[in-house]
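A short write-up of the structure that comes next.
Computed over heavy atoms, backbone and side chain alike; hydrogens, waters and symmetry mates excluded. Count residues from 1 along the sequence.
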Amino acid sequence: MNKEEVLQASRRENQNKDVYELEVINRGQRIGGLIAISIAFALMLTERVILDIGTNYAYFLIILSAGTGLWIYKAVKLKRKHEIALAVLWALFSCFAAFEVIRGYIG
């Protein structure tokens, strides 16, 4: 491959986006996700410890669904056994939390 073919292949792969811009977007999404999970965890602890309300599984569902999404995406893209196993495990935990949320709403 000559220089032009490599450049053209790179442009196709990155859809004419700057590699630095892609990295900034990726990092920003990670930071945003961590902030959202931290806030949900702080609310969960506040209700449980300070307000003595009990366990609100809706917060667990928020936190677990973020991890589930990540592991399912990795399992689909990488197709490695441990990613698939972790995706299934996280999905099971998320289903448990969803069940508890629904059970809490029903009474």
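To the nearest 0.5 Å, the span separating CG on Leu64 from CG on Leu89 amounts to 9.5 Å. Here Leu51 contributes atom CG and Thr46 contributes atom OG1; the two are 6.5 Å apart, rounded to the nearest 0.5 Å. In this structure, CD on Glu47 lies 11.0 Å from CG on Asp52, to the nearest 0.5 angstrom. Of the inter-residue distances, the one linking Arg27 atom CZ with Ile25 atom CD1 reads 14.5 Å to the nearest 0.5 angstrom. Expressed to the nearest 0.5 Å, how far CD1 of Ile84 lies from NZ of Lys79 amounts to 8.5 Å. Here CD of Gln29 is found 12.0 Å from CG of Leu34. Values are rounded to the nearest 0.5 Å.
When hydrophobic clusters are built by joining Ile, Leu, Val, Met, Phe, Trp and Tyr residues whose side-chain heavy atoms come closer than 4.5 Å, directly or via intermediates, Val101 is grouped together with Leu45. Leu78 and Val76 end up in different hydrophobic clusters when Ile, Leu, Val, Met, Phe, Trp and Tyr side chains are linked at under 4.5 Å. Hydrophobic clustering (side-chain heavy atoms under 4.5 Å, transitive across Ile, Leu, Val, Met, Phe, Trp, Tyr) groups Leu43 together with Leu61. A continuous path of Ile, Leu, Val, Met, Phe, Trp and Tyr side chains, each step under 4.5 Å between heavy atoms, connects Trp90 with Leu70, placing both in one hydrophobic cluster. There is no path of hydrophobic side-chain contacts, each under 4.5 Å, that joins Leu86 to Val88.
Across Ser65 and Ser94, no two heavy atoms sit closer than the pair N-OG, 3.7 Å. When every heavy atom of Ile63 is checked against every heavy atom of Ala40, the shortest pair comes out as CG1-CB, 4.0 Å.
Legend: residues meeting side chain to side chain donor-acceptor pair (under 3.5 Å) with Tyr57, ordered by chain and number and at least two apart, are absent.
Distance alone, capped at 3.5 Å, places no donor-acceptor pair between the Lys77 side chain and the Lys74 backbone.
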